[in-house]
Amino acid sequence: MKVLVVNSGSSSIKYQVFEMPEAKVAAKGLLERIGENESKLKHTGNEKTKEITKAIKDHAEGMNLIFSMLLDSEYGVIKDISEITAVGHRIVHGGEAFTKSTLIDDSVIKEIENYTELSPLHNPANLVGINACKELLKNAKMVACFDTSFHQTMPEHAYMYALPYEYYKKYKVRRYGFHGTSHKYVYGEALKVLNKASANVIVCHLGNGASVCAIQQGKSIDTSMGLTPLEGLVMGTRSGDMDPAIVTYIMDKTGASTKEMNDILNKKSGLLGISEISNDMRNILVEEKNGNKQAKLALDMFCYRVKKYIGSYIAALGKVDAIVFTGGIGENDPHIRHRILDNMQAFGIEIDDEKNSSARNCAPFASSNAKIDLLVIATDEEKAIAIDTYELAK
Ligand code: ADP
């Protein structure tokens with residue numbers, strides 16, 4: 001059975017075709033710059049890669065182009081469109097309505113629309129992706145997999161903000177958390193390495209977007225992102241935690257509008273804002289080595305924030321079996337892992353530097369004296385979506 005996984009952004013569509021139940025990737029690709037004159041598709045199928053540059057006006061046209069590649073005699077992996085029996089859609093915000101992945105019907109679409117205000121960039125794009133697929137694949141089952149649903153197990157005292165209660169009742173203002181598909185998948189893979197049926201795990205998903213999650217026996221009990229993905233860690237371009245009074249202060253000082261302020265916090269802050277060099281960890285590491293003080297500061301802040309969250313989640317969980325690193329930075333950068341975990345022996349955290357320096361997927365890197373296991377696990381959100389989709393659609 002072939003499952004298509006679609007991650008539809010505001011101007012892009014990422015996709016993968018999985019052969020299920022083996023979860024083997026048959027084809028994958030990325031269409032970027034939808035709506036521009038030079039939209040770009042990079043498609044890999046049949047172990048060959050093809051790049052196409054042409055104007056694609058909207059997501060529906062984009063899905064048409066993607067299907068033409070999937071059906072292509074050279075690069076394609078299907079002979080007829082009906083071979084795609086199910087489509088899994090990544091949906092960013094499922095609010096309080098969805099505690100797990102779900103088959104899409106009209107009521108599900110309405111609920112996703114309801115959370116558009118909380119995710120104005122992502123949810124509309126996700127819906128466009130669903131509609132474009134529905135048009136083309138009349139008989140395929142559609143499944144929604146939410147970034148938020150794994151965190152719906154957080155207790156009230158963790159998800160509420162200490163604001164007037166009416167804002168929760170009227171406007172759904174609370175913490176939702178994101179990266180849930182990744183945290184859940186990585187937890188499952190960690191259990192295999194730990195050889196345990198259940199465990200208390202702290203997952204650090206460190207990519208361009210970054211979040212930490214405290215998982216107690218399979219349930220998310222706290223996570224660093226909040227109402228939106230802006231809260232928590234220092235990210236590529238997002239500020240993460242700060243005194244909320246800063247927002248009105250800067251708006252008063254600069255005359256920035258709410259939209260401009262939103263852009264400053266989401267797109268101009270974080271590693272980019274502090275370093276004034278880049279949002280990309282690799283560039284900042286190079287500049288730090290060259291002696292750039294702001295690059296060093298950005299890295300110090302990034303690592304210190306993750307360390308503080310790990311400490312607070314140890315307190316929240318009481319007992320921790322493992323700390324797991326994932327995402328582009330978490331999986332690939334032993335130096336950052338070391339900098340985050342350094343000097344935490346009091347918590348039973350001790351790194352084996354040799355193991356850390358060569359740790360790849362599923363590799364433990366704690367020293368033999370450590371009380372808490374340390375693991376690198378490669379995340380695979382698309383595979384996790386394919387598995388949920390297959391289970392619901394089969
Ligand atoms: P996204 O949140 O966009 O999915 P990724 O998980 O792909 O992001 O992570 C992107 C980040 O990972 C970038 O900051 C990049 O510099 C960093 N990264 C990727 N490879 C390495 C590496 N080998 N060493 C350090 N950082 C890396």
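None of these values were measured; they are calculated from a predicted model. Counting from 1, the numbers follow the sequence of the chain as shown. Excluded from the calculations below are hydrogen atoms, water molecules and symmetry mates; all remaining heavy atoms, backbone and side chain alike, are included. We count ligands from 1, going down the list as the structure has it; atoms in each ligand are counted the same way.
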Measure the shortest side-chain to side-chain distance between N123 and I91 over non-hydrogen atoms and say whether it is less than 4.5 angstrom. yes

Are the charged groups of E288 and R339 less than 4.0 angstrom apart, N to O? yes

Can you tell me how the ring of H205 sits relative to the ring of H179, calling it parallel under 30°, perpendicular over 60° and tilted otherwise? parallel

Looking only at protein heavy atoms, which one is nearest to atom 6 (O) of ligand 1, and how far off is it? G328 N, 2.9 Å

Between D300 and K296, does at least one N-O distance fall below 4.0 Å, as a salt bridge requires? yes

Quick one: nearest non-hydrogen protein atom to atom 3 (O) of ligand 1, plus distance? N208 CB, 3.6 Å

Assign the ring pair Y15 / H43 to parallel, tilted or perpendicular, where the plane angle (0 to 90°) is split at 30° and 60°. parallel

Which protein heavy atom lies closest to atom 20 (N) of ligand 1, and at what distance to 0.1 Å? N332 ND2, 3.5 Å

Give a yes or no on whether atom 9 (O) of ligand 1 lies under 4.0 Å from any heavy atom of the protein. yes

Tell me the protein heavy atom at minimum distance from atom 26 (N) of ligand 1, and give that distance in Å. R282 CG, 3.7 Å

Work out whether the distance between some heavy atom of G209 and some atom of ligand 1 is less than 4.0 Å. yes

Is it the case that ligand 1 has an N or O less than 3.5 angstrom from some N or O of L206? no

Please report which non-hydrogen protein atom sits nearest to atom 11 (C) of ligand 1, along with the residue it belongs to and the distance in Å to one decimal place. I329 CG1, 3.8 Å

for atom 25 (C) of ligand 1, nearest protein heavy atom and its distance come out as D333 OD2, 3.3 Å

Can you tell me how far the CG atom of L233 sits from the OG atom of S224, to the nearest 0.5 Å? 4.0 Å

Quick one, D263 with K259, criterion salt bridge (charged side-chain N to carboxylate O under 4.0 Å, His left out). Give me CA distance, side-chain angles, the key distance, then yes/no. CA-CA 6 Å; D263 271 4; K259 186 185 172 310; 3.3 Å; yes

Which protein non-hydrogen atom lies closest to atom 16 (O) of ligand 1, naming both residue and atom, and how far is it? D280 OD1, 2.4 Å

Evaluate L285 for polar contact with ligand 1, using N/O atom pairs at a separation under 3.5 Å. no

Taking only residues two or more places apart in sequence or in another chain, which ones pass side chain to side chain donor-acceptor pair (under 3.5 Å) with N343? none

Where is the nearest protein heavy atom to atom 14 (O) of ligand 1: which residue, which atom, and how far? M281 N, 3.0 Å

Please check if any side-chain donor atom of E350 sits under 3.5 Å from a side-chain acceptor atom of Q345, or the reverse. no

Mark up the atoms of ligand 1 that fall under 4.0 Å of a heavy atom belonging to G207, in ascending order. 2 (O), 5 (P), 6 (O), 8 (O), 9 (O)

